[in-house]
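Heads up, the thing below is written out as structure tokens.
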Amino acid sequence: MSAQPVTCAKCRSPLGDLFNAAELRPCPGCAVPTLVEVFPALFRDRVVGAMAETILTVGDAGCFFHPQKKAVVPCEGCGRFLCALCDVELNSQHLCPSCLEIGRKQGRLKSLENHRDLHDRAALLLATLPLLLIWPSVVCSPLALFLVFRHWKEPGDYVRPGKSRFILAGILAGLQVIAWIGFFLYLAIR
Amino acid sequence: MSQPPLYRKLPGRGTRREGTFIVTVAARQSALWLGVDHLLLVDSTLASQDLKRFFFRDIQAVIVRKTHSGRTVNIVMASFAAVVCGLTLTVNDPAGRIALFVIAAFFGVVLLVNSLFGPTCETHLQTAVQREQLPSLHRLRTARKVLRTLRPLIESAQGQLTAEEARARAATLAAAHIAPAPVKAAPELRPCRGSFHTVLFPLLLVDGLLNGAAIFLNSMPLALVQLAVLFGIILTLVGALIRQQDTDLPAGLRRLAHVIIGYVCVLLGVGFVINSVHAMQNPSMQNDLGAMKHFASLDPFEHPWLLVSFAVLCVCSSVLGITGSVLLARYNRARQPVVLIPPAPLPPAPPSAPQPLPVAAAELPPPLLVPPVVPPPPPAPPANG
């Protein structure tokens, strides 16, 4: 069995005696009350990757990346034939490594996305925080408007998608820009 | 390509800190969201999000470990509230009492809220390839609640495992995989010159004396000297705290420096409160120098709160100064190299009889007589002619 043991985060003592206990029990190493919930995945053997088969029969399709290996599935992104080694299964989709890389870089594979820049939050901050000191909004409100227009099409919050922050930031920044233009015009006319 | 799944927020919100307790390099708000087939950990900064997915089929264990941070916060807040309440009793002015009461109430509310949220914990989630801390589950109650939500979902993806079965199978886990606890390399300790400490503790003693003198003398020059000494204490304390790091100073001396910084913070806090109360009472007095003159003119025997303050400060500063000086003297004494006293020079040995030869003199061969070296004859003078 190749499972890694469950150990205390502080003293690294094995916590086998505390598995799925109903209440907190002291860690055998450091005596800190600990609760350990384990699941069958802990005792599951690690899956060994599939090996690609060599082509033995004339007429069998070969892998695009390894022509000597037998193709087992086409890539759902580009249609290339893939051997068992090159086939990457992701959310029930079969992709080749290059499609996976392109999808990750371009953000088309949402389940591989691990970072997102929140331009809507940045725009809203730029539209609201400088109001505390008033004068910085001369610079920050046009910047907020720029962010709104520049990144309007980009996705916002991952778990709460929506354009509400962009809209609010745009309205606030627009009002500030109008107010500043009016103020400077008033100064010029006066 | 796949659409982003809908997520449901799980209870709890925490902060993931990177760096030390004093200098937090980056603080990120962390929250857990429940997806269709996975748990999403979202660490958010002001303008970005970092995402981690834990699929239900891959989660091996969730470990919840109780911590003492909640209790520590309670003790600190209760202490602050008690100190401020104590000060409230010494102030006669209604406005000052209200101000102090508000401050004490703030600490009390923090204490109450922290107590209501319950004990604290740290939670880790383990998969086959990683172990991730979940900062949002830092309260035991929240962690239990989230576990109750997650358990059926994980069990529906993996199957059920009873406690007995889990413990029986735990014995079969390979013991060879247990990694030893990471041991931090102990920093190399260097000897401390202790120059800042040498100045700090006498300054505290001087401060104690000045506070004692202020009970009987109420004058502006004395107040100015007290202020200068306090300024000196703060400067030397900062230097001492910096210089004592990774040195062989005894733990007691290092802890004393931390106690002194707490003492100075309390001192400054109390000073701020008194100054604020005074400013509220005398709105016409605009500058700090005027306030200082006013305080210097007060007779402590007519104002009990001032008398108590001076007496407490005198005792505290003196005790800290004396303790520090004693500890520092001990450290310096222990550090001095041991001087070995050289042994007294032995008197010269008295002349003794010549040692007898191991062989009889008659058996010895006669001494070789070396013929005297005769200079060669000068060359004959050449014949003339």
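Remember, it's a predicted structure, so these values are computed and weren't measured experimentally. In what follows, chains carry the letters A, B, and so on, assigned in the order in which the sequence lines appear, proteins first and then strands, with residues in each chain numbered from 1.
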Measure distances from [X] to the heavy atoms of chain A and classify the residue's part below 4.5 Å as side chain, backbone, both or neither.
X: B/R65; answer: both
X: B/R131; answer: side chain
X: B/L150; answer: neither
X: B/T45; answer: backbone
X: B/V42; answer: side chain
X: B/L147; answer: side chain

Around atom [atom1] of [X], are there more than 12 heavy atoms of other residues, nucleotides or ligands at under 6.0 Å?
X: B/F56; atom1: CZ; result: yes
X: B/E132; atom1: CD; result: yes
X: A/F166; atom1: CZ; result: yes

Validate the cation-pi geometry between B/R57 and B/F55: distance from NZ or CZ to the six-membered ring centre under 6.0 Å, angle to the ring axis within 45°.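 Yes, cation above the ring, under 6.0 Å and within 45°.
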Do [X] and [Y] touch side chain to side chain, with heavy atoms closer than 4.5 Å?
X: B/L41; Y: B/L51; result: no
X: A/L15; Y: A/T34; result: yes
X: A/F39; Y: B/R151; result: yes
X: A/R121; Y: B/S44; result: yes

Chain B contact via [X] - which portion, at a heavy-atom distance below 4.5 Å:
X: A/D120; answer: neither
X: A/E76; answer: neither
X: A/A21; answer: both
X: A/D17; answer: backbone
X: A/C27; answer: neither
X: A/L124; answer: neither
X: A/V36; answer: both
X: A/R25; answer: side chain

So, [X] side chain and [Y] main chain: donor-acceptor pair closer than 3.5 Å or not?
X: A/Q176; Y: A/A127; result: yes
X: A/T57; Y: A/D60; result: no
X: A/H66; Y: A/C63; result: no
X: B/T149; Y: B/K145; result: yes

Do you know which of [options] has the most heavy-atom pairs under 4.5 Å to chain A?
options: B/Q49, B/R8, B/K66; answer: B/Q49
options: B/E155, B/R53, B/H68; answer: B/R53
options: B/K9, B/R167, B/Q160, B/E164; answer: B/R167
options: B/L161, B/T162, B/L40; answer: B/L161
options: B/A47, B/A128, B/A163; answer: B/A47
options: B/L46, B/V64, B/D37; answer: B/V64

Is it true that B/Y7 and B/H38 have ring centroids separated by less than 6.0 Å?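 Centroid separation for B/Y7 and B/H38: below 6.0 Å.
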Is the shortest side-chain N to carboxylate O distance from A/E101 to A/R104 below 4.0 Å?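 A salt bridge links A/E101 with A/R104.
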Any carboxylate oxygen within less than 4.0 angstrom of a Lys/Arg side-chain nitrogen, looking at A/E37 and B/R144?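 Salt bridge flag = no for B/R144 with A/E37.
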For chain A, which residues of residues 107-126 of chain B have at least one non-hydrogen atom nearer than 4.5 Å to it?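 Result: B/E122, B/H124, B/Q126.
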Test salt bridge (charged side-chain N to carboxylate O under 4.0 Å, His left out) applied to B/D43 and B/K52, step by step: CA-CA 9 Å; B/D43 285 348; B/K52 272 188 185 174; over 6 Å; no
Cut-off 3.5 Å, side chains only: do A/W180 and A/S137 have a donor facing an acceptor?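 Yes, because at least one side-chain N or O of A/W180 sits under 3.5 Å from a partner of the opposite role on A/S137.
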Top contributor to chain B contacts, counting heavy-atom pairs under 4.5 Å, from A/V38, A/L24, A/N114: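 Ranked by contacts with chain B, first place is A/N114.
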Heavy-atom pairs under 4.5 Å with chain B - which of A/L118, A/N20, A/L125 has more of them than the others?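 Among the listed options, the one with the most contacts to chain B is A/L118.
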